[in-house]
Amino acid sequence: MASQYFQEMQESFKNNSKSREFPAHTAKVHSVAWSCDGRRLASGSFDKTASVFVLEKDRLVKENNYRGHSDSVDQLCWHPTNPDLFVTASGDKTIRIWDVRTTKCIATVNTKGENINICWSPDGQTIAVGNKDDVVTFIDAKTHRSKAEEQFKFEVNEISWNNDNDMFFLTNGNGCINILSYPELKPIQSINAHPSNCICIKFDPTGKYFATGSADALVSLWDVEELVCVRCFSRLDWPVRTLSFSHDGKMLASASEDHFIDIAEVETGEKLWEVQCDSPTFTVAWHPKRPLLAYACDDKEGKYDNNREAGTVKLFGLPNDS
């Protein structure tokens, strides 16, 4: 029997199943993220820039384009509680912190390698950045100086603090989730999560679960307290690249090279909805307050022509008549 929540959300998506796309960049978008208040969406692109949009009713209005990096912006994230600050990680061996009020870069921090993943600690004090050489650097968000640096002997894919800020998680190329104490960075546990490369990790806003996506096309859901796998989601056929929990922690969006985004009910694992896409999806992010999903796809069929979709961000969950 489908839960009341399941029925309500399905009804909601039936009436709000529209996706709309907004031009953001001149090349493909690698990362999208909402500010903590949900007023702005930022995107980072292969075109070496970040863009910020303001959400007005049911559309994104471009506010600014942020230039400064000399290589692809691979990932970005916002400050957990300050809706004006975001940080970008680039292949140019720097991270940059930006302030949307002044539209300026307030800090450029040099790192040792080409950066591919970044996260901001829940207490707002530290930024962790990982590079292609599997080094994770912890940077003080106020002084912009490096506080610690860890070289790992395995392929580090995505990194994240838990919601309590006392543990640090990494997904690795051997299918494991490595958990370190924080701030001591002492190994606590290594979980064999998947038979192949463990790509992405996300914590739900309520702190009850985290999810990981793997090259085996599975998404696994884990109990944060017990560190046990509660269930798996197996509707995708390709490596799972990106995950996002809805604001209430009850829905999980996952995407891959499949031409759809899977939206599952967390408690049952059942498919709530699927968002049709024309091409592989790189990044998904639920709005922090409402059932609105931002996402970005690869260029259609990889063709570079004038009417291509390269560099657009999309919103799903808009009213059908909008």
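One side chain, Tyr295 or Ser19, offers a donor N or O that lies under 3.5 Å from an acceptor on the other. Residues Thr137 and Ser146 bring no donor and acceptor atom of their side chains to less than 3.5 Å of each other. Ser45 and His30 form no side-chain donor-acceptor contact under 3.5 Å, judged by distance and modelled atom types alone.
Listed here is the closest heavy atom pair of Thr206 and Asn163: C-ND2, 4.3 Å. Nearest heavy-atom pair, Ser279 versus Asp298, reported as atom, atom and distance to 0.1 Å: OG-O, 2.8 Å. Residues Glu265 and Phe233 share a closest heavy-atom pair of O-CE2, 4.0 Å.
Rounding to the nearest 0.5 angstrom, the gap separating the OH atom in Tyr209 from the SG atom in Cys229 is 11.0 Å. Rounding to the nearest 0.5 Å places CH2 of Trp120 at 7.0 Å from SG of Cys77. In this structure, the separation between CG on Leu180 and CD1 on Ile159 is 11.0 Å, given to the nearest 0.5 Å. Put simply, NE2 on His25 and OG on Ser43 are 3.0 Å apart, with the number rounded to the nearest 0.5 Å.
Annotation for Arg67: atom CZ does not count as buried by contact number, only 12 or fewer foreign heavy atoms lying within 6.0 Å. For CZ of Arg101, the number of neighbouring non-hydrogen atoms (other residues, nucleotides, ligands) closer than 6.0 Å is greater than 12. Heavy-atom contacts from other residues, nucleotides or ligands closer than 6.0 Å to CD of Gln276 number more than 12. Within 6.0 Å of NZ in Lys112 there are 12 or fewer heavy atoms belonging to other residues, nucleotides or ligands.
Under a 4.0 Å N-O distance rule, the pair Asp58/Arg290 qualifies as a salt bridge. Between Arg241 and Glu257 there is a salt bridge, since at least one side-chain N of the basic residue sits less than 4.0 Å from a carboxylate O of the acidic one. Checked for salt-bridge contact, Arg40 and Glu63 meet the test: a charged N lies under 4.0 Å from a carboxylate O.
Checked against the 6.0 Å centroid threshold, Phe316 and Phe13 count as a close aromatic pair.
The side-chain hydrogen bond (donor to acceptor under 3.5 Å, both in side chains) with Glu155 is formed by just one residue from the set Asn174, Asn197, Thr171; it is Asn197. Tested against Phe169, the residues Trp222, Phe203, Trp161, Tyr182 include a single ring pair (Phe, Tyr, Trp, His ring centres under 6.0 Å) partner, Phe203.
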**OP:** List the steps and the verdict of side chain to side chain donor-acceptor pair (under 3.5 Å) for Asn172 and Asn178.
**Re:** CA-CA 8 Å; Asn172 79 28; Asn178 292 81; 2.8 Å; yes

Subject >> Worked check of ring pair (Phe, Tyr, Trp, His ring centres under 6.0 Å) between Phe245 and Phe210 >> reply: CA-CA 9 Å; Phe245 281 97; Phe210 66 90; 9.3 Å; no

